[in-house]
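Naming: A, B, ... by sequence-line order, numbering from 1 per chain.
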2 protein chains.
Amino acid sequence: MYTKNINTHLIEIQDYFKAAISVDCVIFGFDENELKVLLIESDLKEFKGKWSLLGDIMHPDEDIETAAYRVLRERTGLDGVYMEQVQAFGGINRHPAGRVITIAYYSLVNIQHVELKTHSNELHWHAVKDIRQMAFDHKEILGTCLERLQHKVIEQPVGFNLLPKKFSLRELQNLYEAILDVKLDRRNFRKKFFAMDYLIDLNEEEQEVRHRPAKLYKFNQEKFDKQHKKSLGF
Amino acid sequence: MYTKNINTHLIEIQDYFKAAISVDCVIFGFDENELKVLLIESDLKEFKGKWSLLGDIMHPDEDIETAAYRVLRERTGLDGVYMEQVQAFGGINRHPAGRVITIAYYSLVNIQHVELKTHSNELHWHAVKDIRQMAFDHKEILGTCLERLQHKVIEQPVGFNLLPKKFSLRELQNLYEAILDVKLDRRNFRKKFFAMDYLIDLNEEEQEVRHRPAKLYKFNQEKFDKQHKKSLGF
DNA sequence: ACAAAAGTGTTTGACATACACCCATGC
DNA sequence: GCATGGGTGTATGTCAAACACTTTTGT
């Protein structure tokens, strides 16, 4: 028995250059105390009326991550935001047009910074927990990305990317409760974040609330980056 | 500005079906108290004498995971072993033959069960920590897979897949020390595993050691599966 | 008897959990 | 003054870390 191997035998490859690669972006936002995701209405007849992730075919001259950032930029106008590759999805019949393998990314954006392009009125933010059906295998992709985010957010303070620069501890807690779908104890939550020591007290307060205003903080990104570099052994 | 989107606009896709998808398997084994990985010598002129992961082009009629299992089976004769997708690698020039996106998997095998095929004398087990250079971007892929394994092994007891059915606690500890590249306290390690309660005492002992023989255990896979199902909400 | 590794318990500190009251503001 | 959420501390349990001596076997 002879085993073909792309890494050792080149000649036979050309027959195989027939697949398409796409990227699909799970763009998370946070608003009204809910985790949201940006979706577009599919206009494929196969998925009429269903919602779809934002994706595109990867161009021949860009690498995968570049394609994912391009999709994000084209749809939200944002650049340089938090993004992480999750995994590839490649079921044989996942796309009606042929064999399309998609690489899923999720990104965390400040929903206030997103200005939906005027030509994109078919774009909408959806509460993640209310989503029932989606086009393609996008429900599965969304589920996998959400799980990854849940894991990530308890390991590293990436949640700040979903918040405005200035935020109260209540907002931060609401965020974590929305992502993890749990209720958290307020005092213990505060203790944990103060102990982490990534919060900078801005000596400002909430405005226009009809109760005692909360103090505002910002995330100490520089300190986090520095400490994280260290832990990576640089 | 108009944004092409594979999920909504089909007509333009055909131009893009020109990429190849491959799978690359990081096949981990454990022997002589070292974490090993199964590699093949590359015979591409570009990578003469360099070592390469085991991979192959995905066939048009199989999904990605099937392709990965096929590579594993063809190279090791093994089936149904532990495997996990890690992520896609798709740098523009990562493959000399053209645009090849590869999906990386790692798998954990009992190295004693692997019978290297006779036609595969170019296959060798390498100690992970001794590997310097590899063909393609395989060093990066290996590194990413190792990190994923390190994460996984502290969350779930997947390490058993690397050991013989019967093992001593010393072997188990050596395994964890090799994977995580740390020294562990023997008493705390034993405590932790006994507390997990996934070890079945076989009432057998090591043979032919020139010191007090250790007791042998096996992993209670059924119990683990049952508890894990529960935690997934089934 | 000696070498070599197996086996075992206790103490300590750190961290997560649970829980209730006073405070500042707008109305 | 009342409704609303902001802000705080303590007690308890759980878990990880540190640490040294006895036991069993082969030679």
Pairs: protein N or O with nucleotides 24-27 of chain C N or O, under 3.5 Å:
unit_1	atom_1	unit_2	atom_2	d
C:dA24	O4'	A:Arg212	NE	3.4

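Under the 4.5 Å side-chain criterion, counting only non-hydrogen atoms from C-beta, A:Met134 is in contact with A:Leu39.
Rounded to whole Å, the distance from CZ on B:Arg186 to C1' on D:dA16 is 18 Å. If you take CG of A:Asp201 and C1' of D:dG6, they are 14 Å apart, rounded to a whole angstrom. Between A:Phe194 atom CZ and D:dT8 atom P there is a gap of 6 Å when expressed in whole angstrom units. B:Asp185 places its CG atom 14 Å from the C1' atom of C:dT11, with the value rounded to the nearest Å. Remark: P of D:dA11 and CG of A:Asn188 are 15 Å apart, rounded to the nearest angstrom. Taking atom CZ on A:Arg190 and atom P on D:dG5, their separation rounds to 15 Å, with Å as the unit. The interatomic distance linking A:Gln173 (CD) with D:dG5 (C1') rounds to 12 Å, in whole Å.
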*For A:Glu84 and A:Tyr106, run side chain to side chain donor-acceptor pair (under 3.5 Å): C-alpha distance rounded to whole Å, both residues' side-chain angles, the deciding distance at 0.1 Å, then the answer.*
CA-CA 6 Å; A:Glu84 187 183 344; A:Tyr106 76 87; 2.6 Å; yes

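No salt bridge links A:Glu204 with A:Lys215; every basic N to acidic carboxylate O contact stays at or beyond 4.0 Å. One finds no salt bridge joining B:Arg94 and A:Asp63 here, because no Lys/Arg side-chain nitrogen approaches an Asp/Glu carboxylate oxygen to under 4.0 Å.
Between C:dG9 and B:Arg187, no contact under 4.0 Å exists linking OP1 or OP2 to a side-chain N or O.
Residue A:Lys191 places a side-chain atom within donor-acceptor reach of the base of D:dT10, judged by atom type and a 3.5 Å distance cut-off alone.
In this pair, B:Tyr198 and B:Phe224 present their aromatic rings perpendicular. The plane angle is above 60°, beyond the 30 to 60° band.
The neighbour count for B:Lys218 NZ, taken as heavy atoms of other residues, nucleotides or ligands under 6.0 Å away, does not exceed 12.
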